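Keep in mind the model is a prediction, meaning the values are calculated, not measured. Chain letters run A, B, ... following the sequence lines, proteins first and then strands; every chain starts at 1.
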Amino acid sequence: MAGFRIFDLNPEQELAVRTTEGPLLILAGAGSGKTRVITMRTAFMLSQGIAPESILAVTFTNKAATEMRERLAGLVPEEQAKKVTMSTFHALCVRILRQDIEALGYKKNFSIYDEGDQMGLIKKIITRISARDEKLDPHVAKNAISKAKNNGWREPQDDKTLIGAVFARYNAELKTLNAVDFDDLLLLTVKLLNEHPTVQERWFRRFRYIMVDEFQDTNRLQLDLVSLLAKPHPASPEFAGARPNVAVVGDDDQSIYGWRGAEVSNILEFEAHFPGPTVVKLEQNYRSTNIILGTANSLIKNNPRRRPKKLWSAKDGGEKVKIIAMPDDRQEAEFITEEINARKTAEGLKWEDFAVLFRMNAQSRQVEENFRRLRVPYRIIGGKSFFDRREVKDVLAYAACLLNVDDDVALLRIINTPARGISDATVEKATEFSIRAKTSVFKALRDEHFLMTLRTATRNAIEKFAAFLDEFETKLHEPLSNQPAVLRALIEESGYLPDLQRTCKTPEEWMDREKSVRDIIGSFEAYEGRSDKGLQGFIDEMMLRQDQEEDEDEGGGVTLITLHASKGLEFPHVYLMGVEEGVLPHDRSKLEGTVDEERRLLYVGITRAQKTLALTWCRQRAKYGSIVPCISSSFLKELDPELIEHRDVGEILNAPVTEEKAAAKFGAIFDLLGKI
DNA sequence: GGCGAATCGTCAACC
DNA sequence: ACGATTCGCC
């Protein structure tokens, strides 16, 4: 590795790369080459002889982690790149907990509950314990629980209130089920490292060099976790006085996760947590034209409480930013998709050069439909579409049952899917019994006392089902078992597929759903090829990957993405839709007093664009099925008018067809013909 | 105990 | 406008 050289870095970037020891704070403006600095720094550390196993890079999204891993693979031998740990906070926690959670009284095969599972459990608890006239919105309860956990509380403040009682009960039941929710992943890891010095010391020794990306988005627990991993245990003489090797990268202007508990103070007061850091400011933007950057700057300067910075770009010229008024959301989607289709040909671009950004996932639907109609390839990032599908959840629930029979949520999902003679009434009885006996539903199904209360037919059905699960559980855990084959056989023999087919209304729907069942087993096979963590590891990855799962066309296509998920990415040509009062800033942000964060969100969107940027808004929009009038976002008034060009599509549609437009249309047709 | 039809509530963002 | 839930009927 002696041959590694640092190339093409500006002096600030180089300082960041070369500072490997002690705390390091990198204030990286949008597009300032942050990912490049992180990967280069990692490569540099390796060239200095630092062991790859001792390097940990934490990001927020799987996407960012993957990109970083790929970029590093381009700089150093694959052997080394593979040994560096690059993961999201949550994935890191799963890894730590899978190894050491027994110290907290859980079993290692704990299940991870996503928001859907969480909601199901909360709803059940609310109906179970609330008095008949008391009403508690499960959403409210869920948010309160999440907030409490993120603040590091473990016990309810008082369980006299209904919400406190629900919280206490929820936590108790999760533990009985040997399950943890997303917030627990962080909370329990922090608890584990805090309360068990030997465990802490092992992980501290393991990761001697830590990097955290998007540090402005860390919450209190995440900061605690970083501190616990980076700082030696006070009772450890060996490392007494050692400075933590912690490098954090972030930009307060891109802090957009306040709603998730992110505390900008973590980055603004970094010095308080890690004294005496080297501070590096990256202010040269390599991504966008000065027009786009100027537009972004004119917006963000309206925010109070920022770290002063002066972002600049060497890229002059380029097109003005377009603000386009649309009659309604339907035509907005049509306009964007057709213009992308036309520009691809007219300007000789690739589909991957374009991205459509939006505030809410729901906005993507009409765009998708139009792209499908035009046969334009696209990929949706985020949006839980794949993972949210009934059949995917069902298959994963079957798998989860094999791994943890006490996982009630998974068990109840599939206990009578397909119908196998275990009715809702029976399930209800089993659940009641399990609560009284403080055990899981599966154990209740195996309990003699419980079975005696049932009719023979029901009892037989239960015994058959339990034996069925046992059989596959045994097969799964046999040494050298082919786990994907076991999963396939489980689904096959459960009779799930014919039942799924029966519930499909059209042959297309059946083909589609059957394909996603095949896809998920296929991804497990692929996973087995690259990992040795088996079904457990695969399920973990699926649970933590609400994002992506790209559709088969690996070529990519136009990117459809939420503003939140777009952070860290860049595209030559960006369309940002729905820039209306009520959408961006979102209505709720006004009630909550978080309009500044919405402004940062728009700032993030604008700074994704390299060459051209169009912002669209609609005069009316369909909401909940009915049409409501809209006005343009107040943020648009803050943008520097010198850099903006206004258009109104109402006028364009009525205007005669220009030669250029006709040419573009022809171009699109030729393009289509060329494909056939 | 299972199934289809009406009705209800939802659309803020992520791991 | 859509998907989940509930209700009523077989």
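- Side-chain N/O atoms of A/E115 and base N/O atoms of B/dC15 include a donor-acceptor pair closer than 3.5 Å.
- Look at A/W259 and the base of B/dA13; the rings stack, centres closer than 5.5 Å and planes less than 30° apart.
- In this structure, the aromatic ring of A/H564 is not positioned over the six-membered ring of the base of B/dA12 within 5.5 Å between centres and 30° between planes.
- Side-chain nitrogen and oxygen atoms of A/N416 include none within less than 4.0 Å of the OP1 or OP2 phosphate oxygen of B/dG1.
- Set against B/dG1, C/dT5, B/dC15, the side chain of A/F182 has B/dC15 as its closest nucleotide.
- B/dA13 and C/dA4: their P atoms are spaced 16 Å apart (whole Å).
- When rounded to the nearest whole Å, the span between CD1 of A/I256 and P of B/dC15 equals 11 Å.
- A donor-acceptor pair shorter than 3.5 Å can be found between the side chains of A/T426 and A/S423.
- In this structure, A/D408 and A/V441 approach most closely via the heavy-atom pair OD1-N, 3.1 Å.
- DNA chain B is contacted by both A/T426 and A/R260; A/T426 maps to the nucleotide lying nearer its 5′ end (nearest heavy atom per residue).
- A/E598 comes within contact range of at least one nucleobase, with a heavy-atom separation under 4.0 Å.
- Among the heavy atoms of the strands lying under 4.0 Å from A/A425 are primed sugar atoms or P, OP1, OP2 only; no base atom is included.
- OP1 or OP2 of B/dC14 has at least one side-chain nitrogen or oxygen of A/T562 nearer than 4.0 Å.
- Here B/dC11 presents its P atom at 11 Å from CE of A/M360, a figure rounded to the nearest Å.
- Using cut-offs of 30° and 60° for the angle between ring planes, the A/Y257 and A/F60 rings count as parallel.
- Here the side chains of A/E391 and A/Y496 are in contact, with some heavy-atom distance below 4.5 Å.
- Distances shown here put a side-chain N or O of A/R588 below 4.0 Å from the OP1 or OP2 atom of B/dA12.
- If you measure from atom CG of A/D587 to atom P of B/dT10, you get 16 Å, rounded to the nearest angstrom.
- Across B/dA12 and C/dT5, the matching C1' atoms stand 23 Å from one another, rounded to whole Å.
- For the pair A/D183 CG and B/dC14 P, the interatomic distance rounds to 15 Å; values are reported in whole Å.
- Within the structure, every side-chain polar atom (N or O) of A/N361 is placed at least 4.0 Å from both OP1 and OP2 of B/dC11.
- A/I627 places its CD1 atom 8 Å from the P atom of C/dA1, with the value rounded to the nearest Å.
- Among the protein residues, A/F60 comes within range of the sugar-phosphate backbone only, with heavy atoms under 4.0 Å from sugar or phosphate atoms but none that close to a base.
- Between A/F538 and A/Y527, the ring-plane angle classifies as tilted under the 30° and 60° cut-offs.
- Rounding to whole angstrom units, CG of residue A/D499 and C1' of B/dG1 are separated by 14 Å.
- In this model, no side-chain donor or acceptor of A/Q363 finds a partner on the base of B/dA12 within 3.5 Å.
- Across all strands, A/E597 comes closer than 4.0 Å to no nucleic acid atom at all (heavy-atom distances).
- The side chain of A/R365 sits closest to C/dA1 out of B/dA12, B/dG1, C/dA1.
- In this structure, the side chains of A/W617 and A/E332 stay at 4.5 Å or more apart for every pair of heavy atoms.
- Toward the 5′ end of DNA chain B lies the nearest nucleotide of A/T594, the other residue of the pair A/T594 and A/F89 mapping further downstream.
- The side-chain heavy atoms of A/M542 and A/I520, taken from C-beta on, include a pair separated by under 4.5 Å.
- For the pair A/Y624 OH and B/dA12 C1', the interatomic distance rounds to 10 Å; values are reported in whole Å.
- Between B/dA12, B/dG2, B/dG1, one nucleotide has an atom nearer to the side chain of A/H586 than all others, and that is B/dA12.
- Going from atom CZ of A/R390 over to atom P of C/dT5 covers 12 Å, rounded to whole Å.
- Out of B/dC15, B/dC11, B/dA12, the shortest distance to the side chain of A/E592 is found at B/dA12.
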